[in-house]
Amino acid sequence: MTTLAQQVSRVHKGETSAESLVEAALNRIGATQHLNAYLSVLPEYALEKARELDRRRGQGEKLGPLAGVPIAIKDNIVVSSGKTTCASRMLENFRSPYDATVVEKLLAAGAIPVGKTNLDEFAMGSTSETSAFGAPVNPVDSSVIPGGSSGGSAVAVASGSVPVSLGSDTGGSIRQPAACCGVVGMKPTYGRVSRYGLVAYASSLDQIGPFATTVEDAALLLNAIAGHDLRDNTSSVQKVPDFTAKLGEGLKGKSIGVPQGVLRRRTEPRSGIRHPRRAFRLRARRRQDCGDKPSQLEIRRRDLLRHRHCRSFGQPGPL
């Protein structure tokens with residue numbers, strides 16, 4: 001799978017067509033159906049959009065910053081081109097009459113939605129196992145969860161069907177599946193991205209954000225979806241910076257917190273990595289060799305944090 005940045009560059013130079021990128025994405029979606037990353041696919045819509053973009057390029061029109069890039073959308077973000085189920089039987093046949101603001105922005109930038117991705121039902125979970133249509137499968141290690149609630153969006157990127165996708169994050173629902181599937185994911189600052197068209201879980205915490213294979217791709221996607229929206233009065237009026245501007249600076253001289261208490265635990269968690277703590281320490285040493293400044297820190301009363309997390313999802317925990 002080529003990156004978003006590479007695909008955009010090739011489309012702008014005329015080295016490939018949007019239609020060929022979309023066809024490749026649809027073929028890959030078909031080849032990875034067993035991963036259950038998608039709840040619906042939009043082949044006719046996506047190919048129509050791709051051909052329209054190719055026609056505009058042929059006429060010499062200026063293309064957007066995401067021209068021709070196939071993208072997957074978490075199925076709690078509404079689109080007018082297909083169903084939005086929130087992974088629930090209650091909304092199995094619901095069709096929105098409008099597009100979410102982020103979808104409008106993606107289309108304006110030239111991106112092409114190819115499908116809606118699996119999730120925990122109504123985004124209420126952290127494993128994606130509560131989906132009414134079956135859990136997505138982690139493409140890195142099928143014996144472990146893909147994370148949630150945006151598990152399908154993480155799996156879509158990790159399995160190579162699309163270079164980028166959108167998820168939503170209330171308490172870790174982008175960051176955690178990104179970590180589980182080995183891709184880049186971030187929760188933008190609250191208000192940076194409009195929530196208009198996102199089916200609410202906890203409106204004072206929900207945010208839409210990117211999944212990608214590289215930090216550059218995540219930054220390019222965030223550039224396209226960020227900004228004030230009159231239809232969301234909690235969206236920020238602050239000017240949107242170029243999130244790619246400082247990518248070349250690296251992490252040299254930056255302080256990185258290393259949670260010692262977690263690393264001192266005697267038992268290894270169940271993981272696709274045989275020795276996750278050993279790998280973590282090795283990575284920390286490599287970052288230090290690159291000029292980073294690891295800072296040891298302690299997270300007090302981790303037991304209370306764990307129990308509160310369990311209770312927040314309705315699971316037993318003494319608190």
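Both backbone and side-chain heavy atoms feed into the values below; hydrogens, waters and symmetry mates do not.
No single ILVMFWY cluster, assembled from side-chain heavy atoms under 4.5 Å apart, contains both I73 and V41. Under a hydrophobic-cluster definition in which Ile, Leu, Val, Met, Phe, Trp and Tyr are linked whenever side-chain heavy atoms come within less than 4.5 Å, directly or via other members, V155 and V183 are assigned to different clusters. Taking hydrophobic clusters as Ile, Leu, Val, Met, Phe, Trp and Tyr residues chained together by side-chain heavy-atom distances below 4.5 Å, L63 does not share a cluster with V22. Cluster annotation: L21 is not connected to V8 through the hydrophobic network of ILVMFWY side chains, with a link wherever side-chain heavy atoms come within less than 4.5 Å. Residue V69 is grouped with residue L106 when hydrophobic side chains (ILVMFWY) are merged at heavy-atom distances under 4.5 angstrom, including chains of intermediate members.
In this structure, the side chains of L205 and T170 come closer than 4.5 Å at one or more pairs of heavy atoms. By the 4.5 Å heavy-atom criterion applied to side chains, P188 and L222 are counted as neighbours. For the pair V184 and T213, the minimum side-chain heavy-atom distance is 4.5 Å or more. Contact annotation: the side chain of T101 never approaches that of D232 to less than 4.5 Å [non-hydrogen atoms, C-beta and beyond].
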Quick one, E121 with S131, criterion side chain to side chain donor-acceptor pair (under 3.5 Å). Give me CA distance, side-chain angles, the key distance, then yes/no. CA-CA 5 Å; E121 187 171 14; S131 169; over 6 Å; no
Quiz item: Can you check side chain to side chain donor-acceptor pair (under 3.5 Å) on T32 and Y38, steps first, answer last?
Solution: CA-CA 10 Å; T32 56; Y38 292 83; over 6 Å; no
Is there a side chain to side chain donor-acceptor pair (under 3.5 Å) between D229 and S194? Walk through the geometry before answering.
CA-CA 6 Å; D229 180 13; S194 171; 2.6 Å; yes
query = Should K74 and S153 be marked as a side chain to side chain donor-acceptor pair (under 3.5 Å) after you check the CA-CA gap, both sets of side-chain angles, and the distance that decides it?
reply = CA-CA 6 Å; K74 186 177 179 180; S153 292; over 6 Å; no
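Using a cutoff of 4.0 Å between basic side-chain nitrogens and carboxylate oxygens, D206 and R195 are not scored as salt-bridged. No salt bridge links E249 with K246; every basic N to acidic carboxylate O contact stays at or beyond 4.0 Å. Using a cutoff of 4.0 Å between basic side-chain nitrogens and carboxylate oxygens, E104 and R231 are scored as salt-bridged.
The nearest pair of heavy atoms linking R95 to S81 is NH1-O, 4.0 Å. Closest non-hydrogen pair, P177 versus G151, comes out as CB-CA, 4.2 Å. Taking each heavy atom of C180 and P146 in turn, the nearest pair found is CB-O, 3.5 Å. Pairing each heavy atom of S165 with each of L221, the nearest pair is O-CD2, 3.6 Å. For M186 against R175, the heavy-atom pair with the smallest separation is CA-CG, 4.5 Å. Across all their heavy atoms, I112 and A50 have their closest contact at CD1-CA, 3.5 Å.
Of the inter-residue distances, the one linking R192 atom CZ with S236 atom OG reads 5.0 Å to the nearest 0.5 angstrom. A distance of 6.0 Å separates CG in L107 from CG in D99, rounded to the nearest 0.5 Å. Summarising the geometry, atom OG belonging to S88 is positioned 7.0 Å from atom CZ belonging to F133; distances are rounded to the nearest 0.5 Å. Of the inter-residue distances, the one linking L53 atom CG with K49 atom NZ reads 10.0 Å to the nearest 0.5 angstrom. The distance from atom CG of L39 to atom OG1 of T85, rounded to the nearest 0.5 Å, is 4.5 Å. To the nearest 0.5 Å, the span separating OG1 on T234 from OH on Y190 amounts to 3.5 Å.
By the neighbour-count criterion of 12 heavy atoms within 6.0 Å, atom CD of Q238 is sparsely surrounded, having that number or fewer from other residues, nucleotides or ligands. Crowding of E48 atom CD: a count of heavy atoms from other residues, nucleotides or ligands under 6.0 Å not exceeding 12.
S235 contributes no side-chain N or O that, together with a main-chain N or O of H228, makes up a donor-acceptor pair within less than 3.5 Å. A donor-acceptor pair under 3.5 Å links the side-chain atoms of D120 to the main chain of S128, judged by distance alone. Judged by distance alone, the side chain of S150 and the main-chain N or O of S168 form a donor-acceptor pair under 3.5 Å. In this structure, N76 contributes its side chain and F122 its backbone to no donor-acceptor pair below 3.5 Å. Distance alone, capped at 3.5 Å, places no donor-acceptor pair between the D217 side chain and the P163 backbone. Checking side-chain atoms of D75 against main-chain N and O of T117 turns up no donor-acceptor pair under 3.5 Å. Using modelled atom types, one side-chain atom of K116 and one backbone atom of K83 make a donor-acceptor pair closer than 3.5 Å. With Q176 contributing its side chain and S173 its backbone, the two residues share no donor-acceptor pair below 3.5 Å. A donor-acceptor pair under 3.5 Å is absent between the side-chain atoms of Q207 and the main chain of D169, judged by distance alone. Formation of a donor-acceptor pair under 3.5 Å by the N36 side chain with backbone atoms of G134 is found in this model.
Annotation: Y98 is in aromatic contact with Y196 [ring centroid separation under 6.0 Å].
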